[in-house]
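Take a look at the structure below.
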There are 2 protein chains.
Amino acid sequence: MALDHAILVSLLERPGSGYELARRFERSIGYFWTATHQQIYRVLGRMVTDGLLLVREVEQQGRPDKKEYSVTGPGRAALAAWLHKPIEPESLRHDLAVKIRGAAFDDPAALIDEVERHRQAHRDRLAHYLAGELRDFTAPDAPAPQDAGQELQHVVLRGGIAYERMTIAWLDDVLATLHRLEAAGPGA
Amino acid sequence: MALDHAILVSLLERPGSGYELARRFERSIGYFWTATHQQIYRVLGRMVTDGLLLVREVEQQGRPDKKEYSVTGPGRAALAAWLHKPIEPESLRHDLAVKIRGAAFDDPAALIDEVERHRQAHRDRLAHYLAGELRDFTAPDAPAPQDAGQELQHVVLRGGIAYERMTIAWLDDVLATLHRLEAAGPGA
DNA sequence: CTTGTCTATGCAACGAGTTGCATAGCAGGA
DNA sequence: TCCTGCTATGCAACTCGTTGCATAGACAAG
């Protein structure tokens with residue numbers, strides 16, 4: 001159900017097409033929620049028939065036409081209702097952790113390359129987030145009162161940054177452990 | 001597909017019934033993968049017909065009989081194959097972050113209770129993890145060479161601990177931000 | 001003028017995950 | 001005796017999410 005709400009938030013921040021939403025889900029919104037374009041198009045259609053969104057055909061020059069979606073009153077009300085309803089704390093889904101525990105029944109050292117690949121991916125994401133923070137939240141004005149939306153977007157981004165830093169440190173820990181097991185020798 | 005592999009790992013660590021697996025998925029394995037008992041029973045059935053698992057009926061005293069599952073050779077091979085196949089780095093799914101950004105279009109202060117509830121839940125989980133670490137990885141022997149399985153389980157648990165600590169710190173940041181916005185007044 | 005790339009939308013099929021319900025053995029207490 | 005609660009297993013229906021495929025306009029490079 002939360003994809004609906006992520007779409008409402010994103011469209012309230014700025015109306016846009018399904019394609020644009022799909023790209024946002026690879027960037028800012030995608031920091032904490034993912035979705036493919038197929039999923040987005042399907043949900044957009046349902047939300048329009050449910051009256052939560054409004055479509056408008058937009059002709060463009062130099063590229064195909066698009067459908068721009070924006071949030072209706074009922075859409076805004078649906079978001080508000082969700083905001084006031086408690087949700088359960090997150091449950092993790094970490095494939096790599098399953099692999100690490102599974103490595104006990106195979107060769108732990110064989111995981112080293114994989115873990116290093118993940119570590120690099122998280123370093124890249126961290127760099128991307130930090131660049132975005134510099135661009136969007138540090139440059140323009142002094143530590144003056146920004147508007148609420150900006151403050152809230154910033155604190156969410158800080159969460160993404162903290163997550164990546166924590167993950168990189170943990171993967172270093174994992175790598176050190178795997179190297180130690182490798183040095184101890186297989187079957188030791 | 002990863003639920004299959006999580007089950008294989010858990011059953012290699014110790015054979016057990018569907019019910020026992022469901023409880024493990026609320027504990028150790030559940031630190032990084034979740035599943036309901038319905039999902040587990042369904043997958044267990046499929047894995048038996050696929051020859052990855054073996055069932056054995058076990059009569060019990062004082063409680064209903066159970067079916068104990070254990071991993072076959074092909075099951076072990078399937079796990080090894082997965083371990084050697086690269087996977088994509090994780091994508092986050094964090095409802096609360098969606099709510100926080102959505103709060104810009106509602107009353108940010110109204111989220112404070114919810115965030116505090118989540119913060120408490122994460123503090124509880126952290127305490128639970130730390131107790132488990134003390135019980136399973138600190139008590140018995142000196143910093144001696146443990147076996148690989150223990151080392152790997154420990155490093156995964158350390159990841160869970162780091163995640164909870166990071167999350168609690170971030171939620172403190174979120175709370176400070178929400179209080180600041182509240183003090184600035186609505187519409188400021 | 002064909003090929004490739006980016007924008008833009010969508011269907012169909014499948015697999016993963018959730019929710020509600022149902023059954024049943026066994027134990028302890030009201 | 002009945003009710004509650006824990007252990008133990010499972011079906012049915014539904015929604016969510018992924019994968020593969022298909023279409024099409026516009027532009028740039030070869």
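What you see below is based on every heavy atom in this structure, not just the backbone, and it leaves out hydrogens, waters and symmetry mates. Chain letters run A, B, ... following the sequence lines, proteins first and then strands; every chain starts at 1. The model shown is predicted, which means the values in this text are computed figures rather than measured ones.
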Go through residues 34-50 of chain B and report each residue with a non-hydrogen atom lying under 4.0 Å from DNA chain D, sorted by number.
B/His37, B/Gln38, B/Tyr41, B/Arg42
Determine all donor-acceptor pairs shorter than 3.5 Å in which one atom belongs to a side chain in residues 44-51 of chain A; sequence neighbours excluded.
| unit_1 | atom_1 | unit_2 | atom_2 | d |
| --- | --- | --- | --- | --- |
| A/Arg46 | NH2 | A/Asp4 | OD1 | 3.2 |
| A/Arg46 | NH2 | A/Asp4 | OD2 | 2.2 |
| A/Thr49 | OG1 | A/Arg46 | O | 2.8 |

Does some side-chain heavy atom of A/Phe32 sit less than 4.5 Å from a side-chain heavy atom of B/Arg101?
yes
Could you tell me whether the side chain of B/Leu175 reaches within less than 4.5 Å of the side chain of B/Ile112, counting heavy atoms only?
yes
Please determine whether residues A/Ile168 and B/Leu92 belong to a single hydrophobic cluster, defined as Ile, Leu, Val, Met, Phe, Trp and Tyr linked transitively by side-chain heavy-atom distances below 4.5 Å.
no
Assigning hydrophobic clusters by single linkage (Ile, Leu, Val, Met, Phe, Trp, Tyr; side-chain heavy-atom cutoff under 4.5 Å), is B/Leu8 placed with B/Tyr41?
no
So, does [X] use its side chain to make a donor-acceptor pair with the main chain of [Y] at under 3.5 Å?
{"X": "A/Arg125", "Y": "A/Glu164", "answer": "no"}
{"X": "B/Ser10", "Y": "B/Ala6", "answer": "no"}
{"X": "A/Thr72", "Y": "A/Leu52", "answer": "yes"}

Non-hydrogen atoms of B/Leu178 and A/Leu152 that approach each other most closely:
CD2-CD2, 3.9 Å
Chain A reaches DNA chain C, atoms under 4.0 Å from its heavy atoms, from C/dT7 to C/dG17
Just to verify, what does [X] make a salt bridge (Lys or Arg N to Asp or Glu O under 4.0 Å) with, not counting sequence neighbours?
{"X": "B/Arg158", "result": "A/Asp173"}
{"X": "B/Glu20", "result": "B/Lys66"}
{"X": "B/Arg119", "result": "B/Asp172"}
{"X": "A/Arg117", "result": "A/Glu114"}

Residues of residues 17-27 of chain A with a heavy atom under 4.0 Å from any atom of DNA chain C, listed by number, are A/Ser17, A/Gly18, A/Tyr19, A/Arg23
Taking only residues at least two apart or on different chains, which pairs with a member in residues 73-109 of chain A satisfy ring pair (Phe, Tyr, Trp, His ring centres under 6.0 Å)?
A/His5-A/Trp82, A/His94-A/Trp170
Counterpart residues, side-chain hydrogen bond (donor to acceptor under 3.5 Å, both in side chains), relative to A/Thr34 (two or more places apart)
B/Arg93
Rounded to whole Å, CD of B/Glu59 lies from C1' of D/dT7 at a distance of 16 Å
Length of the line joining A/Arg93:CZ and D/dG17:P, which is rounded to integer Å
11 Å
Pairs counted as Watson-Crick or G-U wobble with both distances under 3.5 Å: what dot-bracket string results for DNA chain C, using | for bases tied to another strand?
||||||||||||||||||||||||||||||
Distances under 3.5 Å only, N/O to N/O: pair up the protein atoms with those of nucleotides 24-30 of chain D.
| unit_1 | atom_1 | unit_2 | atom_2 | d |
| --- | --- | --- | --- | --- |
| D/dA26 | O3' | A/Gly62 | O | 3.4 |

